[in-house]
Amino acid sequence: MLKEKFLVLIKSSFSKDKKDELFDYIWKNYRRRISFYISNLIPSYLPQFEDLFQDIMLKIYRNLNTFHPSSSFKAWVYSIVRNHCLDFLKSHAEKFKAPLNPSEEFAGDRKSPERLVIEKDIFKKIDFVIQSLDTQDREIAYLRFYENLKYREICAILNLDMNATKARIRLIKIKLQKKLRRVL
Amino acid sequence: MRFKKQIKKYYQSRIEAQKIPELDKVLQKKINMGRVPKNRKDLVLNFIFHAGIIICFVFILIVNSNSVQSLQKLDPDNQKSYYVQQKFKQGIEKIKNYFRPNPVPDKKEG
């Protein structure tokens, strides 16, 4: 329902109220994903992380009227996030040479304790593989496996060649499957 | 299939565990001030408008200072300007009197 409303809004002309409504929708539905995507590029423990997140949200808000409805909204959002992060990294190049720390945090939900333990174990293994990938491969994995973006959309976001992207996705998949063969 | 599901679940749990900063008050303010023109076209128009105002202001200042100087040359002891001022006041009074209703004649006098 919300998605339909969002599509209607985005296809209609932009007034201030509509823009606010749209941004409200993005804030509710995309803020976590955006924050997670940023954390793939820039460590979330850094003090600048919050400012960067706010700047990106502001940039998205300001550029809402530049979005073309015929293109993918997710791809548009992630392009903005990525470009902003890359600009930030360029201007703070020396500070971010250290690799990202693997995350131990996973959200728990209403599952049996055994199931939770098994799942946590699986997640840790997936996390180990994901964190062992380089930054761009991590982005590719997220965009492909979670956001289900098409190859051409991933290529557009990352400025990559189609064949290279396909090959990298295949490699990531093989790596993950190897690691998870025993647990799955 | 199960592999894909698990990867999705993994990402979902990571995203849910992600600590989200609250919407910054400054950002909220900026959003509320979203009416400020951001396009280059708007900025150019804005610039032209303000530049026009500044030019007009400077022009008035220059012209005004010139006219004051020339008046001082013509009327150094302010005699002429005082005469003009008096004439002007008289003219205004005449106009006022013209529009003033006629005084009602006193009945006692009759």
Side-chain angles (χ1 to χ4, degrees), chain A residues 16 19-20 23-24 27 30-40 44-45 49-59 61-66 103-109 119-120 122-127 129-130 141-148 172-173 176-177 179-181 183-184, chain B residues 1-69 92:
Chain A
K16 172 87 175 84
K19 208 175 170 183
D20 289 352
F23 184 74
D24 196 45
W27 178 256
Y30 281 86
R31 61 182 171 158
R32 282 184 191 281
R33 296 184 200 186
I34 290 169
S35 174
F36 177 71
Y37 189 72
I38 300 169
S39 71
N40 277 329
S44 56
Y45 55 78
F49 186 85
E50 196 170 320
D51 286 343
L52 192 76
F53 174 77
Q54 304 286 359
D55 287 345
I56 287 168
M57 292 313 286
L58 181 64
K59 203 170 188 180
Y61 175 79
R62 278 186 176 163
N63 290 298
L64 269 177
N65 43 352
T66 64
S103 171
E104 291 284 313
E105 283 177 33
F106 300 106
D109 50 8
E119 217 159 56
K120 226 174 182 179
I122 296 169
F123 288 169
K124 267 188 184 175
K125 279 180 176 139
I126 296 171
D127 197 53
V129 179
I130 299 270
Y142 170 71
L143 296 172
R144 181 65 187 164
F145 300 135
Y146 184 72
E147 293 291 2
N148 283 328
I172 296 164
K173 217 172 175 179
L176 280 164
Q177 275 171 337
K179 200 77 192 170
L180 301 172
R181 197 171 288 155
V183 278
L184 291 179
Chain B
M1 196 63 195
R2 194 164 148 71
F3 161 79
K4 271 190 180 176
K5 249 187 180 178
Q6 280 302 340
I7 302 282
K8 251 196 163 169
K9 272 187 187 174
Y10 157 77
Y11 277 120
Q12 189 61 44
S13 69
R14 284 287 311 272
I15 287 167
E16 278 169 20
Q18 191 73 26
K19 282 165 195 155
I20 310 291
E22 281 304 304
L23 187 59
D24 192 16
K25 280 179 186 170
V26 179
L27 174 65
Q28 187 75 57
K29 256 189 184 176
K30 280 180 186 169
I31 287 168
N32 291 338
M33 291 190 316
R35 284 161 211 226
V36 176
K38 298 289 183 300
N39 293 337
R40 190 170 284 179
K41 208 176 168 185
D42 292 339
L43 288 173
V44 168
L45 285 174
N46 224 351
F47 174 75
I48 290 168
F49 176 73
H50 284 101
I53 287 177
I54 291 166
I55 289 165
C56 285
F57 187 68
V58 170
F59 180 76
I60 287 166
L61 271 179
I62 293 164
V63 168
N64 205 27
S65 63
N66 281 343
S67 57
V68 167
Q69 278 173 3
I92 295 282

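So you know, we letter chains A, B, ... as the sequences are listed, proteins then strands, and number each from 1.
Put simply, the side chain of B/K9 does not reach to within 4.5 Å of the side chain of A/I126, judged on heavy atoms. Contact check for B/K4 versus A/K173: side-chain heavy atoms found under the 4.5 Å cut-off.
In this structure, CD in B/Q12 is found 7.5 Å from CZ in A/R33, a value given to the nearest 0.5 Å.
Below 30°, between 30° and 60°, or above 60°: for B/Y11 and A/Y146 the angle between ring planes is between 30° and 60°, a tilted geometry.
For the pairing with B/Y10, the side chain to side chain contact (heavy atoms under 4.5 Å, CB included) check across A/V129, A/L176, A/D127 returns one residue only, A/D127.
Residue contact with chain B, scored on non-hydrogen atoms closer than 4.5 Å, involves the side chain of A/F49 exclusively.
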